[in-house]
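Beneath this line is the structure, given in structure tokens, with notes to follow.
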2 protein chains.
Amino acid sequence: MAGDVLVQPARKERLSLRIALEICREIRDGSFQPGDQLPPERELAVQLDVSRTSLREALRGLEIAGIVESRHGGGTFVRRFSALGVESPLAMMFEASHDNLSDLWEVRRIVEPALAERAAIRADATGVAWLGEMLERHRQPYLREGVENSAQVFDREFHAGVARLTGNVAMEQVIQLVNTLVHRGYRPDPGLAGGRRRQAYARHLAVYEAIRRREPQAARQAMVDHLQEVEEYILTEIIERCHEDV
Amino acid sequence: MAGDVLVQPARKERLSLRIALEICREIRDGSFQPGDQLPPERELAVQLDVSRTSLREALRGLEIAGIVESRHGGGTFVRRFSALGVESPLAMMFEASHDNLSDLWEVRRIVEPALAERAAIRADATGVAWLGEMLERHRQPYLREGVENSAQVFDREFHAGVARLTGNVAMEQVIQLVNTLVHRGYRPDPGLAGGRRRQAYARHLAVYEAIRRREPQAARQAMVDHLQEVEEYILTEIIERCHEDV
DNA sequence: TACCTGAATTGGTCTGACCAATGCTGCACG
DNA sequence: CGTGCAGCATTGGTCAGACCAATTCAGGTA
């Protein structure tokens, strides 16, 4: 019987969890490729020998995790790049408080320099070119005034891109989630951002250049400087806001 | 009618998502405190004017996000500290991607030394004493032969403990999840572990001593050495297993 | 008082039904 | 022949009600 696959994990765990893990495994093993459409719920439920109810609970979980995506009337698809972006259900549920914010920022300070360093060591030519094109694409909107928080989007995209160049999926996901939560918890004042944005873009360029020239230490240092700068921005802005409140 | 609260977000989103966001909001607003028990599913479904099916899909999502926790026959509770469990989005993502072990290990190599360093700076006396007691408790079982994989449990406990001393909840969660996944992916041969365990325990002691004496660099170095040693163990063992297979 | 039993509570799973969005097929018309 | 639209098939979304299984707790018994 097809459903026997699900018996492996301890009989104790919820069925929906076992189903979700099973589907994850099939994705990993290549039975379902990224971009593929999964079988219809009714059919998949029969294949796995579970009710549609339980299957759907599993799919909702996978959707929250950013692994699949369901479209009403269209079907359920495996995401190409499982993204824990701001619009992901997970991010929508999680509200970063100020306590968490400094914690999350510390995770960035620890992980991101190491990511930049490793990217400079391991990135292949294709990846470097890809990152370069990304920066070129960011250039105009980044420097122009009044494009509001698109800068935040670009910032996240760049940092996620550096993470991707390391080839380490685990780190990429961790840092993407952390950055999403940080950006969610802190929304900069769009008006004040002109010079800051230029500076941030310059630092991004510096990181990229170091990666392109295969200089791990320089890449690490550029990232450290970037984070340091941004941290100071955030601190001063928070202080200003406190003054306004008083 | 109670269910009208749910109409606010665009009528487009799935009902289960709207429910999940609504519950999140009530948690943030204090209607449900961390540790509280939520109303029974049947009752909550009536309150929100939705079917139990949809409510359950929402609760599964919240559980995956680490916000609530359901116990069969017990009830559903708001988590005190939203935890990244094995059913967390990140865990599922790793499950869905190939070859996680080396990636996960690299996360440890990056994060754990930094954790040890910060623990040596920030830990309070209570925390240090707590870690010391933990090691004392580990001592006998760790060094005795034949206690099987309890060593793995102790190992996870110690590393989680160091993370806790930093006071950074986010990092604690991340490293706890990573270590769980690593240990799940790699089960050492219990028979060969005698000397190795003694060595690991000695390194744990070294890390602890450095933290106790407030020597950040020493703590970092001890952790680096520890991870390096364990990594070598794992590599040689994997190679041996390959030989057996041939 | 301590322990055990059983009923009430509560989450877990299943079935089958119907609604709603999407996509496709084939026919009619230009 | 090509184009556009109507209608049907497909597929996800929601619902109601039933029954199973783990936990909890009150009440009774030793």
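Just so it is clear: chains get the letters A, B, ... in the order the sequence lines come, proteins before strands, and each one is counted from 1.
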Write down the distance between CG (A:Leu15) and P (D:dA22), rounded to a whole number of angstrom.
-> 14 Å

Proximity to the side chain of B:His72 - top-ranked nucleotide from D:dG12, C:dG12, D:dC15 | C:dG12

For the side chain of A:Ser70, counting heavy atoms from C-beta on, which of C:dT13, D:dG13, C:dG12 is nearest?
-> D:dG13

Which part of the nucleic acid, if any, lies within contact of A:Ser54, taking any heavy atom under 4.0 Å across all strands shown: a base, the sugar-phosphate backbone alone, or nothing?
-> sugar-phosphate

Provide, to the nearest angstrom, the distance between the CD atom belonging to B:Glu41 and the P atom belonging to D:dA22.
-> 16 Å

Looking at D:dG13, C:dT13, D:dT11, which one has an atom nearest to any side-chain atom of A:Pro40?
-> D:dT11

Assign each of B:Arg42 and B:Thr53 to its nearest nucleotide of DNA chain C by heavy atoms, then name whichever residue's nucleotide is nearer the 5' end.
-> B:Arg42

Whole-Å distance separating the CD atom of A:Gln37 from the C1' atom of D:dT11 = 9 Å

Describe the nucleic acid contact of A:Arg71 in one word from base, sugar-phosphate, nothing, applying a heavy-atom distance below 4.0 Å.
-> sugar-phosphate

Evaluate the side-chain proximity of B:Leu38 to B:Leu59: yes if any heavy-atom separation is below 4.5 Å, no if none is.
-> yes

Provide, to the nearest angstrom, the distance between the CZ atom belonging to B:Arg14 and the P atom belonging to D:dC15.
-> 13 Å

When the distance from CD of A:Glu63 to C1' of D:dG12 is rounded to whole Å, what number comes out?
-> 10 Å

B:Arg164 CZ: over 12 foreign heavy atoms closer than 6.0 Å | no

Nearest to the side chain of A:Ser51, which nucleotide is it out of C:dT13, D:dT14, D:dG12?
-> C:dT13

Within this structure, what is the CG-to-P distance between B:Leu59 and C:dG11, rounded to whole angstrom?
-> 8 Å

State whether B:Arg56 places a side-chain N or O below 4.0 Å from either non-bridging phosphate oxygen (OP1 or OP2) of C:dG12.
-> yes

Could you tell me whether B:Arg139 and B:Glu136 have a side-chain N and a carboxylate O separated by less than 4.0 Å?
-> yes

Carboxylate-amine/guanidinium proximity below 4.0 Å for A:Arg60 and A:Glu57 = no

Closer than 4.0 Å, any side-chain N/O of A:Thr76 to the OP1 or OP2 of D:dG12?
-> yes

A:Leu44 atom CG is separated from D:dT10 atom C1', nearest whole Å, by 16 Å

Figure out the CD/P separation between B:Glu13 and C:dA20, and round it to whole Å.
-> 19 Å

Does B:Arg52 place a side-chain N or O at less than 4.0 Å from the phosphate oxygens OP1/OP2 of C:dG11?
-> no

NZ/NE/NH1/NH2 to OD/OE distance under 4.0 Å, A:Glu41 and A:Arg52 = yes

